Structures are given as structure tokens and as C-alpha cells.
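Fair warning: this is a prediction, and the values are worked out from it, not measured in the lab.
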Amino acid sequence: MAAPAELEPDLCGSEEESRGAEAEEESGPQQTGPAAGSHSRLSKLPLARIKALMKTDPDVSLASQESVFIIAKATELFVEMIAKDALVYAQQGKRKTLQRKDLDNAIEAIDEFAFLEGTLD
């Protein structure tokens with residue numbers, strides 16, 4: 001009898017990756033531009049709040065729907081990246097819950113996060 005890994009060699013990705021791929025397949029080709037409609041279902045963050053935050057900058061008077069969506073997506077990816085890196089430190093401490101010290105360690109250890117040093121103080 002073959003081992004489960006031999007029967008299904010494509011199970012290398014995480015559950016989230018497979019759910020994301022399934023969602024993309026179900027939705028079919030995505031539209032871009034004004035015909036795309038609301039991006040809110042594609043974003044995990046509240047777009048109205050992102051837009052309000054963007055408008056707090058005195059240099060921003062108008063923010064297009066597409067720019068708000070891109071900022072929201074970039075924010076999601078950033079949070080995911082720093083959380084995954086901090087999770088490594090939590091797992092080293094045999095914990096499942098991220099703590100501030102895990103974020104501090106990730107910020108200190110990873111060059112891409114150097115701009116965040118001192119922000120949690």
C-alpha cells in the first residue's frame with residue numbers, strides 16, 4: 001500500500017493556499033478597471049476606513065477606489081508577512097499565541113523591518 005504522500009504529491013501547500021486557489025477558480029477571470037465593481041469582497045480590511053485614513057494626509061484630497069484597494073491589499077500582505085515571521089519566534093518559545101516580544105524579535109532580526117525599529121516602544 002502506498003503512503004498518503006505518494007498518492008497525493010500536490011499537498012505541499014497550506015490549507016489557506018488551496019482555499020485561495022479554489023476561490024480564484026470559482027470566480028473565473030477577474031475584471032479590472034471601472035467595470036470591476038466593488039473590491040470590498042476581495043479585501044479583508046474595511047475599505048471605507050482605509051480611505052478615511054488615506055484622507056488624513058493633507059496631500060491626499062481624492063483617493064480612487066483602485067488606490068484604496070491596492071493600499072488595503074498591501075497592508076494585508078505586510079501584516080501577513082510580519083505575523084508569519086513573528087510566529088517563528090513564538091514557536092521557538094513553544095507558544096501558539098504571538099506576543100509583543102515575538103514582533104520585536106522579528107523586527108530586530110529581519111532587515112526589511114528595520115524601518116519599524118523603535119515603533120513599539
Side-chain angles (χ1 to χ4, degrees):
M1 184 170 162
E6 292 173 305
L7 294 175
E8 298 181 40
D10 294 332
L11 293 178
C12 296
S14 69
E15 259 185 60
E16 288 181 32
E17 289 172 343
S18 62
R19 282 196 304 261
E22 289 170 4
E24 287 177 17
E25 290 171 6
E26 290 172 6
S27 65
Q30 295 183 355
Q31 297 177 351
T32 57
S38 173
H39 291 293
S40 63
R41 61 190 161 95
L42 301 174
S43 177
K44 296 174 186 170
L45 298 174
L47 298 180
R49 186 161 299 174
I50 300 282
K51 187 171 189 170
L53 285 169
M54 289 171 67
K55 286 187 168 190
T56 61
D57 184 338
D59 295 334
V60 177
S61 57
L62 295 173
S64 70
Q65 185 177 6
E66 288 81 10
S67 67
V68 173
F69 176 74
I70 294 297
I71 294 292
K73 239 7 188 172
T75 303
E76 287 175 23
L77 292 172
F78 173 76
V79 169
E80 180 181 350
M81 187 169 80
I82 197 168
K84 283 181 178 180
D85 290 335
L87 180 61
V88 172
Y89 292 99
Q91 290 172 336
Q92 287 175 355
K94 297 183 177 24
R95 291 177 282 107
K96 292 182 180 180
T97 304
L98 291 183
Q99 296 177 354
R100 180 186 164 149
K101 63 184 175 184
D102 302 319
L103 288 169
D104 286 335
N105 289 335
I107 289 169
E108 203 172 294
I110 298 168
D111 291 337
E112 287 97 2
F113 300 139
F115 72 97
L116 292 172
E117 288 183 9
T119 58
L120 295 179
D121 294 337

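- Every residue two or more places apart in sequence or in another chain that forms a salt bridge (charged side-chain N to carboxylate O under 4.0 Å, His left out) with Arg95 is listed here: Asp102.
- In this structure, Thr119 and Phe115 approach most closely via the heavy-atom pair CG2-O, 4.3 Å.
- Taking Ser64 as the reference, Glu66, Ser67 meet the side chain to side chain contact (heavy atoms under 4.5 Å, CB included) condition, with sequence neighbours excluded.
- Hydrophobic clustering of Ile, Leu, Val, Met, Phe, Trp and Tyr side chains at less than 4.5 Å, counting indirect connections, keeps Met81 apart from Val88.
- With sequence neighbours left out, Glu76 forms a salt bridge (charged side-chain N to carboxylate O under 4.0 Å, His left out) with Lys73.
- Applying the 6.0 Å contact sphere to CG of Leu77 captures more than 12 heavy atoms from other residues, nucleotides or ligands.
- Under the 4.5 Å side-chain heavy-atom criterion for ILVMFWY residues, no single connected hydrophobic cluster contains both Ile110 and Leu87.
- For Ile107, the side chain to side chain contact (heavy atoms under 4.5 Å, CB included) partners at least two apart in sequence or on another chain are Ile82, Phe113, Leu116, Glu117, Leu120.
- Residues satisfying the side chain to side chain contact (heavy atoms under 4.5 Å, CB included) criterion with Ile50, sequence neighbours excluded, are Leu45, Met54, Val68, Ile71, Ala72.
- Looking at residues two or more places apart in sequence or on another chain, you find no side chain to side chain contact (heavy atoms under 4.5 Å, CB included) involving Asp111.
- Expressed to the nearest 0.5 Å, how far NZ of Lys51 lies from OG1 of Thr56 amounts to 13.5 Å.
- To the nearest 0.5 Å, the span separating NZ on Lys44 from OG1 on Thr75 amounts to 13.0 Å.
- Here the shortest heavy-atom pairing between Leu98 and Ala83 reads CD1-O, 3.9 Å.
- Heavy-atom minimum distance, Phe69 versus Leu47: CA-CD2, 4.3 Å.
- In the hydrophobic cluster analysis, where Ile, Leu, Val, Met, Phe, Trp and Tyr join through side-chain heavy atoms closer than 4.5 angstrom, Val60 is grouped apart from Leu53.
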